[in-house]
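Let me begin by presenting the structure, written as structure tokens, before commenting on it.
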Amino acid sequence: MLIVKNLKFSYKKTAVLKNISFDANQGENVAIIGESGSGKSTLLKVLYGEYDLDEGHIFWNDNEILGPKFNLVVGYDFMKYVAQEFDLMPFITVEENIGKFLSRFYPEEKHRRTQELIEVVELTEFAKTKVKTLSGGQKQRVALARALAKQPEIILLDEPFSHIDNFKKQSLRRSVFKYLKDNHITCIVATHDKEDVLGYADQMIVLNNNKIAVKDTPEQLYKHPKTPLVASFFGEFNVINNQIYYAHQLEVVNDSELKMTVTNAYYKGHYFLIEAELNGEHMFFEHPKSLKPGTEICLAIKK
Ligand code: ADP
Ligand code: MG
């Protein structure tokens, strides 16, 4: 179990993170979200023991995670970290990069394990390819597989699918998160993509103003976003009478108090996102058809 107690950290004078406390059970998936610069990457690095804390403690079971002041070598065997910028060995193959840290005294086991991980990250056809010739997204997948090679108890992932194209992203995400669950590996994942969170995370932590703004299950935070920051993570939303409503919760009706003028319509596949305006205030709602700018409409909250 990961225990983070009242953590405070600053690079220079001002704290980047303060009052950070949370737990993660064995096998749990915890998503860290927040705007760019909110401290997601810093939190992962601090959890990994890359920096010394100003205050607080981090424990993995009975081990306290300590920074460079106390450790000659950063990192622990039970914990792996995949950075936003991954460093691989460019002149050897995908297979060799992944197998690099596995014991060569068990060649069969090493081979089996390497092949298993290559399949998890869907790189089978590139097994014999030199890493330097791969795309950014493919390298990111090699870095993931390499972190999993020695079966860590906990893995820290910094925007793990950010370089991966949409064609591959969905299936890769399912494959990696399933592998982590099946193997009871605790996963702390920093992301700005709601698709990484909904459907996978057991807990979601929102960082804002250097602190944890909220912490709950994705379902609770989606259903009751409470603040615009949380709502904006999930999609377009509106504030009506101090309540937050997503675009799909509004509909066009014959008559209502909310009389608006359409300003834009965006094609979204199975619906259109319509932007409308009233006295300079903009609202967003979903509609099955496109609407012409200038169209007068009335909106209501769906029952
Ligand atoms: P995120 O990953 O959420 O985008 P970061 O953790 O990278 O955020 O950054 C949080 C804050 O810390 C930012 O204001 C950033 O400029 C600052 N920061 C990040 N890395 C360093 C560093 N090595 N030295 C000083 N400041 C840093
Ligand atoms: Mg970051």
Side-chain angles (χ1 to χ4, degrees), residues 1-26 28-90 92 97-103 131 139-140 142-160 162-163 180 185-192 203 205-212 215:
M1 183 185 200
L2 178 75
I3 299 173
V4 180
K5 268 196 225 167
N6 205 21
L7 176 159
K8 182 177 171 200
F9 172 76
S10 35
Y11 287 105
K12 293 185 193 102
K13 276 211 175 108
T14 49
V16 174
L17 298 167
K18 57 189 179 197
N19 294 326
I20 307 285
S21 296
F22 69 94
D23 298 346
N25 286 321
Q26 186 71 58
E28 238 188 343
N29 178 321
V30 179
I32 311 283
I33 72 143
E35 291 174 313
S36 190
S38 61
K40 301 181 295 295
S41 295
T42 302
L43 178 55
L44 293 190
K45 287 177 191 172
V46 165
L47 294 179
Y48 189 58
E50 205 162 305
Y51 299 115
D52 295 302
L53 302 179
D54 300 348
E55 284 171 27
H57 299 276
I58 304 162
F59 290 96
W60 176 252
N61 299 325
D62 297 331
N63 303 283
E64 179 154 17
I65 310 290
L66 297 168
K69 242 187 229 165
F70 306 90
N71 272 331
L72 195 55
V73 180
V74 170
Y76 296 83
D77 280 346
F78 49 80
M79 184 183 261
K80 280 281 174 282
Y81 163 60
V82 183
Q84 249 172 318
E85 324 76 31
F86 20 86
D87 62 304
L88 298 167
M89 281 168 245
I92 60 175
N97 262 278
I98 296 170
K100 184 83 189 150
F101 299 106
L102 296 174
S103 172
V131 159
K139 284 182 190 151
Q140 192 165 31
V142 178
L144 260 171
R146 199 182 56 173
L148 291 169
K150 282 182 101 178
Q151 194 88 342
E153 295 169 28
I154 170 168
I155 191 164
L156 311 171
L157 303 175
D158 200 346
E159 309 206 7
S162 59
H163 296 264
L180 295 174
I185 300 170
T186 303
C187 167
I188 314 292
V189 54
T191 181
H192 55 244
Q203 292 185 61
I205 291 174
V206 183
L207 291 182
N208 190 37
N209 291 330
N210 318 107
K211 289 191 292 247
I212 294 183
K215 178 174 68 176

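No hydrogens, no waters, no symmetry mates; every other heavy atom, side chains included, goes into these values. Bear in mind the structure is a predicted one, so any value in this text is a computation, not a measurement.
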Does [X] reach the main-chain N or O of [Y] with its side chain, forming a donor-acceptor pair under 3.5 Å?
X	Y	result
N61	M1	yes
Q140	E159	yes
N210	K18	no
S21	N6	yes

First locate atom [atom1] of [X], then atom [atom2] of [Y], and finally report the distance between them rounded to the nearest 0.5 Å.
X	Y	atom1	atom2	result
I58	L43	CD1	CG	8.0 Å
I32	I20	CD1	CD1	8.0 Å
M79	I185	CE	CD1	13.0 Å
E28	D23	CD	CG	8.5 Å
E50	K45	CD	NZ	6.0 Å
R146	M89	CZ	CE	5.5 Å

Atom of [X], atom of [Y] and distance for their closest heavy-atom approach:
X	Y	result
L66	Y76	N-OH, 2.9 Å
P152	I155	CG-CB, 4.5 Å
K211	N19	CD-ND2, 3.9 Å
T186	A24	CG2-CB, 3.9 Å
K139	V131	CE-O, 3.4 Å
T191	K40	O-CD, 3.9 Å

### Message
Is it the case that atom CD in E35 sees more than 12 heavy atoms from other parts of the structure closer than 6.0 Å?
### Response
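Not buried by this count: 12 neighbours or fewer within 6.0 Å.
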
### Task
Could you go through the side chain to side chain contact (heavy atoms under 4.5 Å, CB included) check for V46 and L53 one step at a time?
CA-CA 7 Å; V46 165; L53 302 179; 3.1 Å; yes

### Query
Yes or no on side chain to side chain contact (heavy atoms under 4.5 Å, CB included) for L102 and K150, after CA distance, side-chain angles and deciding distance?
CA-CA 7 Å; L102 296 174; K150 282 182 101 178; 4.0 Å; yes

Sub-4.5 Å side-chain heavy-atom contact between [X] and [Y]:
X	Y	value
I154	I188	yes
F22	L2	yes
L157	L144	yes
P68	D52	yes

### Stepwise side chain to side chain contact (heavy atoms under 4.5 Å, CB included) check, K80 with L148
CA-CA 8 Å; K80 280 281 174 282; L148 291 169; over 6 Å; no

### Residues that F70 engages under ring-ring contact (aromatic ring centres under 6.0 Å, His included), provided they are two or more places apart
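For F70 there are no ring-ring contact (aromatic ring centres under 6.0 Å, His included) partners, ignoring immediate neighbours.
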
### Audit row: Y51, T42, side chain to side chain donor-acceptor pair (under 3.5 Å) steps and yes/no
CA-CA 9 Å; Y51 299 115; T42 302; over 6 Å; no

### Task
Apply side chain to side chain contact (heavy atoms under 4.5 Å, CB included) to W60 and F78, showing your working.
CA-CA 9 Å; W60 176 252; F78 49 80; 3.2 Å; yes

